Amino acid sequence: MRQAKAALLAASALIATAAIVRPAAAQDVPAATEEAAPPSPPPAAETLAAPPAPTAPPSLPEKLGQVPGTWDLSRDGTNRRCVMTLVLDSGEAGQRLRFPAGCRRALPVLNGVAGWLFVDGAVRLVDRNVRPILDFAKRPDQRSLVAQAEGGERYSLVPLDIVAMRPADAAAAPETAPTDPASPAPSPLQTAAPVPAELQPPPTASTASAGPAPGLYALDRFQQRDTCRINLDGVGGGVHIVPGCHDSGLEVFDPVRWRYAKGRMTLTAKRGHSIDLVPSGDGRWRRDPEVGTTFVLRRVD
């Protein structure tokens, strides 16, 4: 009898132990399952956006304050042109403008011009009664303005050195900065810093043969030949205007650097704006797009 009771007590103890252990084991299963589960995939790596490609400085003004500076006015299809200066000072008809007396002979349309306005994003030359004489509009290339006179002739107005072309810091800075008397004044034709080698296109046989050769070049405008000469440096891409230049437009533009890439020669001015030229044969390079008076550089042997 005693043995039967002892066996019964032992069986009861085993049942109680199993009841305690079984829930604990059941609770351990989810935890083990969580550890064994593969980790969730990490979020896709963010693709670093490529830096925006450098864009050419704007050539045309978007507001009144960007208009002042020098402009080249020419009659399309002729060699008649004038370099004029537009200023913000108010005059008898809009804002004032200045140009040499010879411009009235070269372009008789200027005889009636008394001022200028900035209307609908473009320049308008007006008479004393503020009536439009040349109402310019932007060309599709956004690099120049075009207008048609009452007689049907077309005129181009090309910015040479205006506020819109200048970097923000240069536009905000005064025109003349104090100089250190101990240091010599920089030459106005001082060459800009050379273009870094990593930014230069890799030389190939085709580009070497098609590109402009460094050396002396003459500037022709329509029927006017050799109005100015410039030297293209082979090292660093510097540009130097030869003394005795008779082209005020090029002097105002003041190129200091050149480079060749993808079939185009680019002349860059000291203030950063640029013009492009494409080959026209026999060592000649014409402005592209062709606006206003013909602009051709030719190699001088």
Side-chain angles (χ1 to χ4, degrees), residues 53-57 59 70 72 74 79 81 83 141 143-144 158-161 165-167 170 185-301:
T55 57
S59 296
T70 50
D72 186 282
S74 61
N79 64 343
R81 57 189 291 265
V83 176
D141 60 18
R143 302 292 292 272
S144 63
V158 182
L160 295 176
D161 180 16
M165 289 178 165
R166 303 172 189 173
S187 167
L189 301 178
Q190 183 175 359
T191 303
V195 179
E198 59 271 16
L199 298 182
Q200 297 276 5
T204 62
S206 59
T207 57
S209 60
L216 184 64
Y217 285 76
L219 172 66
D220 297 335
R221 285 190 181 270
F222 198 63
Q223 296 176 346
Q224 296 177 333
R225 292 175 58 84
D226 213 348
T227 62
C228 199
R229 292 192 173 195
I230 63 174
N231 263 314
L232 302 185
D233 250 344
V235 179
V239 178
H240 308 273
I241 299 179
V242 177
C245 177
H246 301 294
D247 190 286
S248 55
L250 185 69
E251 286 187 314
V252 171
F253 179 72
D254 195 8
V256 293
R257 186 172 66 246
W258 74 277
R259 68 183 301 233
Y260 173 78
K262 298 180 179 179
R264 305 174 77 86
M265 184 198 336
T266 301
L267 293 179
T268 303
K270 183 182 297 183
R271 294 188 181 275
H273 46 290
S274 62
I275 59 174
D276 292 333
L277 299 99
V278 294
S280 58
D282 298 330
R284 298 172 185 267
W285 294 79
R286 62 172 177 82
R287 184 173 183 173
D288 184 62
E290 284 189 287
V291 294
T293 308
T294 303
F295 182 124
V296 175
L297 278 182
R298 57 182 172 83
R299 179 72 188 270
V300 177
D301 296 328

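Model, not experiment: these values are computed from the prediction.
- Within the 4.5 Å cutoff, the side chain of Asp72 has no heavy atoms near those of the Ser248 side chain.
- Partners of Thr266 under the side chain to side chain donor-acceptor pair (under 3.5 Å) rule, at least two apart in sequence or in another chain, are Asp276.
- In this structure a side-chain-to-backbone donor-acceptor pair under 3.5 Å is present from Trp258 to Asp233.
- Screening residues 237-248 for salt bridge (Lys or Arg N to Asp or Glu O under 4.0 Å) gives Arg81-Asp247, Arg221-Asp247 as the qualifying pairs, with residues at least two apart or on separate chains.
- For Phe253, the ring-ring contact (aromatic ring centres under 6.0 Å, His included) partners are His273, not counting sequence neighbours.
- For the atom pair Arg298 CZ and Leu216 CG, the distance stands at 9.5 Å (nearest 0.5 Å).
- Applying the salt bridge (Lys or Arg N to Asp or Glu O under 4.0 Å) criterion to Arg286, with sequence neighbours excluded, gives Asp288, Glu290.
- For Arg229, the side chain to side chain donor-acceptor pair (under 3.5 Å) criterion is met by Asp226, not counting sequence neighbours.
- Between Phe295 and Ile275 the shortest side-chain heavy-atom distance falls below 4.5 Å.
- Leu219 CG to His246 NE2: the interatomic distance, rounded to the nearest 0.5 Å, is 12.0 Å.
- Contact detail for Pro255 and Leu250: the closest heavy-atom pair is CD-O, 3.7 Å.
- To the nearest 0.5 Å, atoms CG (Asp161) and CD (Glu251) are separated by 13.0 Å.
- Taking all atoms of both residues into account, the shortest heavy-atom contact from Pro159 to Ser144 is CD-CA, 4.5 Å.
- The two residues Gly263 and Pro279 have their closest heavy-atom pair at O-CD, 3.5 Å.
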Passes side-chain contact (heavy atoms from CB on, under 4.5 Å), Leu232 versus Leu297? Steps please. CA-CA 11 Å; Leu232 302 185; Leu297 278 182; 5.7 Å; no

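- The structure places CG of Asn79 at 11.0 Å from OG1 of Thr227, a figure rounded to the nearest 0.5 Å.
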Derivation of the side-chain contact (heavy atoms from CB on, under 4.5 Å) call for Tyr260 and Trp285: CA-CA 12 Å; Tyr260 173 78; Trp285 294 79; 3.7 Å; yes

